[in-house]
Amino acid sequence: RPSLQTTATKRKQPTTLSTMMSSAFARSRPLMARYDVAPHLTKWWKGVRPDDGQVTRHLSPFEQQIIMPWLKTFPKRAYDKFSDSGPYIVTTFILVYGTATLADAADLAQDKSYRY
């Protein structure tokens, strides 16, 4: 005897392709559920229990301005470092630059001496 349901009301059975696709991502679905842990660390962090209660965090007064003390003392420290090693750096730069300039000038003079 034929079924009384019409073809429009029949439920479609999942195809093999859709079943394969859903099962292909079945193992990654729990990994994607955790947004606070990287996927490669989920096994490591799965045993960590969340805190029971309110977690408050604060910065100590020594951590609140970590850049400002450096900015305030930067000019003095830069001057001290330059006055200590500045003459050696400047002298070295002048010697290296002067040697390179003299070598280029001597090479150019030698090249011009062989012209017709």
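All residue numbers in this chain count up from 1 along the given sequence.
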Margin query: Angle between ring planes, F74 versus W70, binned at 30° and 60°: parallel, tilted or perpendicular?
Written below: tilted
Next item on the list: Might you point out which heavy atoms bring S83 and P87 nearest each other, and give the distance in Å?
Entry: O-CD, 3.9 Å
Next item on the list: Please report the shortest heavy-atom distance between P75 and L71, naming the atom on each side.
Entry: CD-O, 3.7 Å
Notebook entry, point to check: Which residue pairs pass the salt bridge (charged side-chain N to carboxylate O under 4.0 Å, His left out) test when at least one of the two sits in residues 73-95, sequence neighbours left out?
Noted result: K76-D80
Notebook entry, point to check: In Å and rounded to the nearest 0.5 Å, what is the OG1 to CG distance from T99 to D104?
Noted result: 11.0 Å
